[in-house]
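Here the structure is laid out as structure tokens; the discussion comes afterwards.
The analysis underlying the following values was restricted to heavy atoms, covering all of them including side chains, and did not include hydrogens, waters or symmetry mates. For clarity, every value in this text was computed on a predicted model and none was experimentally measured. Count residues from 1 along the sequence.
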Amino acid sequence: MQNKFLLYGANGYTGRLIASMASQFNLIPVLAGRNSAALKEMSSALSLEFVIVDLDDASALEAILKKFPLVLHAAGPFKFTAKKMAQACLATGVHYLDITGEIAVFELLKKMDGLAKEKGIMMMPGVGFDVVPTDCMAKFLHEKMPNATNLKLAFATIGGKLSHGTATTMAEGMGEGGAVRENGKIVRKPLGHKGFWVDFGVKKMFVMTIPWGDISTAYTTTSIPNIETYTAASPKTFSVLKWQKWFNWMLQLSFVRNYYKKKIKKMPAGPDEQMRLKAKSLVWGEVTNDQNEKIIATLQGPEGYTLTAISSLLITQKVLSGNYKIGYQTPAACYGADLVLEINGVTRSIN
């Protein structure tokens, strides 16, 4: 098995975690990104090669990609970076993986399916916590109820916190509202337009609608026409969002977003190792059909960033060993509903 791949965005919080865990999968990442000082430090600490390249320099990026069979793209916000990397992969015939959770990115890359097939490569965004556990839950429930017409997915974390990258992506989306899938179409909705209490098995938590990546990917995986995605939130936050139509315009202003991004940079890069080891990620899913029959399942696993590192490396390992399908793919459609169960500590049950 070829075990060397390019890890772009290696000096970010999740990129560092992926790089540090790669040896557990017999994989050798070559660290890549724009920050030469950070990459030199990482290279020395992990005894790994590194390259400096800017996504805006297409010719330099393509020259580097030609040396690898696969790139794991970990530099977000992906709405600014995914297209450039994907186009470079198409130009060089290199498999593309990323860890996005952004609906627009999934939809963009899905349109490249035909080109990816022509090149004989796989393009699979969302190989981390966004969206491996939820995509596997969607496929699992759909297999239990093939005639399902409605899917609800919810996720939560107990004891964790956000990384700079995740928080920055959220800041870029401030004021944009939410989204659901209705009758097969993506429809814009206010953020948190619905909310209810969910029993995740270990704890009951209030959840509200958010525009999670499964609005795109779960539909690709299952063809269920109506999909809503939720995350844990305080009932107070849910109540405040009822007034969002009056302040969303302000959150979309560049100087407001930049203010929050500056605050984010002053925060810790992400959860420390002790927090990651203690934290848990939770997923809940429900399908219903036209006869109002219902199936509910829950899933528990490692903390989200830990799960992202493991799942992205697991999929990288599969692709490098020749286990992949060409074209645009979602994790569960390609590798099955039990993909997430290959991760130590993940359990799933039907309620």
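- For Asp214, the side chain to side chain donor-acceptor pair (under 3.5 Å) partners are Thr134, Trp212, not counting sequence neighbours.
- Here the shortest heavy-atom pairing between Pro125 and Gln329 reads CD-O, 4.0 Å.
- Counting heavy atoms from C-beta outward, Leu97 and Met122 have side chains that approach closer than 4.5 Å.
- Between Met85 and Asp98, the closest side-chain pair of non-hydrogen atoms is not below 4.5 Å.
- Tested against Leu61, the residues Asp57, Leu65, Ile64 include a single side-chain contact (heavy atoms from CB on, under 4.5 Å) partner, Leu65.
- A side-chain N or O of Thr298 and one of Ser349 form a donor-acceptor pair less than 3.5 Å apart.
- Leu151 and Val187 are not part of a single hydrophobic cluster, where members link through side-chain heavy atoms under 4.5 Å apart.
- Judged by distance alone, with hydrogens and angles left aside, the side-chain atoms of Asn226 form a donor-acceptor pair with the main-chain N or O of Thr149 at under 3.5 Å.
- Side-chain contact between Leu314 and Glu342 is present, with at least one heavy-atom pair separated by less than 4.5 Å.
- Distance check: Lys152 NZ to Thr229 OG1 gives 12.0 Å after rounding to the nearest 0.5 Å.
- Within the 4.5 Å cutoff, no side-chain heavy atoms of Leu7 are placed close to those of Val71.
- A donor-acceptor contact closer than 3.5 angstrom is absent between the side chains of Thr92 and Glu62.
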Please determine whether side chain to side chain contact (heavy atoms under 4.5 Å, CB included) holds for the pair Leu299 and Thr347, giving the CA-CA distance in whole Å, both sets of side-chain angles, and the decisive distance to 0.1 Å. CA-CA 6 Å; Leu299 181 149; Thr347 58; over 6 Å; no
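- Across Leu48 and Leu31, no two heavy atoms sit closer than the pair CD1-CD2, 4.0 Å.
- Residues Glu228 and Tyr230 have side chains that bring a donor and an acceptor to within less than 3.5 angstrom of each other.
- Every residue meeting the ring-ring contact (aromatic ring centres under 6.0 Å, His included) condition with His73, not counting sequence neighbours, appears here in chain and number order: Tyr8, Phe78.
- With rounding to the nearest 0.5 Å, the separation of CD in Gln24 from CD1 in Ile310 is 7.5 Å.
- Interatomic distance, Leu70 CG to Cys89 SG, rounded to the nearest 0.5 Å: 8.0 Å.
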Decide salt bridge (charged side-chain N to carboxylate O under 4.0 Å, His left out) for Arg188 and Glu182; before the verdict, give the C-alpha distance in whole Å, the side-chain angles of both, and the deciding distance to 0.1 Å. CA-CA 10 Å; Arg188 303 302 304 185; Glu182 291 181 350; over 6 Å; no
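- Val180 is not connected to Val198 by any chain of hydrophobic side-chain contacts under 4.5 Å among Ile, Leu, Val, Met, Phe, Trp and Tyr, and they are in different clusters.
- Counted by atom type alone, Thr330 and Thr221 present one or more donor-acceptor pairs between their side chains at under 3.5 Å.
- A donor-acceptor pair under 3.5 Å is formed between the side chain of Thr209 and the backbone N or O of Lys194.
- The two residues Pro302 and Val346 make their nearest non-hydrogen contact at CD-CG2, 3.7 Å.
- Taking the six-membered ring for Trp, Phe196 and Trp284 have ring centres closer than 6.0 Å.
- Side-chain contact check for Asp113 versus Met123: every heavy-atom pair is 4.5 Å or farther apart.
- The shortest side-chain heavy-atom distance between Asn147 and Gln291 falls under the 4.5 Å cut-off.
- For the atom pair Phe80 CZ and Leu55 CG, the distance stands at 13.0 Å (nearest 0.5 Å).
- Rounded to the nearest 0.5 Å, atoms OG (Ser321) and CG (Asn26) are 11.0 Å apart.
- For the pair Gln317 (side chain) and Phe25 (backbone), a donor-acceptor distance under 3.5 Å is present.
- Atom CZ in Arg34 sits 7.5 Å away from atom CG in Asp56 (nearest 0.5 Å).
- Taking both residues in full, the closest heavy atoms of Ala337 and Cys136 are given as O-CB, 3.3 Å, listed atom of the first, atom of the second, then distance.
- Scanning all heavy atoms of the two residues, the minimum distance from Ala179 to Pro211 falls at N-CB, 3.8 Å.
- Taking the side chain as every heavy atom from C-beta outward, Leu6 and Val51 approach each other to under 4.5 Å.
- Of the possible polar contacts, one joining the Asp135 side chain to the Ala332 backbone as a donor-acceptor pair under 3.5 Å is found.
- The nearest pair of heavy atoms linking Ala38 to Asn11 is CB-CB, 3.8 Å.
- For the pair Ser312 (side chain) and Val127 (backbone), a donor-acceptor distance under 3.5 Å is absent.
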Apply the test side chain to side chain contact (heavy atoms under 4.5 Å, CB included) to residues Phe5 and Leu72: give CA-CA distance (whole Å), side-chain angles for both, the deciding distance (0.1 Å), then the verdict. CA-CA 7 Å; Phe5 68 98; Leu72 175 52; 3.9 Å; yes
Please test Thr220 against Lys110 for side-chain hydrogen bond (donor to acceptor under 3.5 Å, both in side chains), starting from the C-alpha separation and ending with a verdict. CA-CA 9 Å; Thr220 301; Lys110 189 175 181 179; 3.0 Å; yes
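- Legend: ring pair (Phe, Tyr, Trp, His ring centres under 6.0 Å) pairs involving residues 320-351, not counting sequence neighbours, sorted by first then second residue: His95-Tyr324.
- In terms of the side-chain contact (heavy atoms from CB on, under 4.5 Å) criterion, Ala63 has no residue partners (sequence neighbours excluded).
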Please step through side chain to side chain contact (heavy atoms under 4.5 Å, CB included) for the pair Thr157 and Leu282, ending with a clear verdict. CA-CA 6 Å; Thr157 298; Leu282 309 173; over 6 Å; no
Would you check, one step at a time, whether the test side chain to side chain contact (heavy atoms under 4.5 Å, CB included) holds for Val207 with Thr231? CA-CA 5 Å; Val207 299; Thr231 193; over 6 Å; no
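- Remark: the backbone N or O of Glu41 is not paired with any side-chain donor or acceptor of Ser44 at under 3.5 angstrom.
- Within the structure, ring pair (Phe, Tyr, Trp, His ring centres under 6.0 Å) pairs that include any residue of residues 108-142 comprise Phe129-Phe155 (at least two apart or interchain).
- Checked by atom type and distance alone, the side chain of Glu303 pairs as donor or acceptor with a backbone atom of Tyr305 at under 3.5 Å.
- A salt bridge (charged side-chain N to carboxylate O under 4.0 Å, His left out) with Glu107 is found for exactly one of Arg181, Lys79, Lys83, namely Arg181.
- Thr100 is not listed as a side-chain neighbour of Asp130, based on a closest heavy-atom distance of 4.5 Å or more.
- Under the side chain to side chain donor-acceptor pair (under 3.5 Å) criterion, Lys67 pairs with no residue, sequence neighbours left out.
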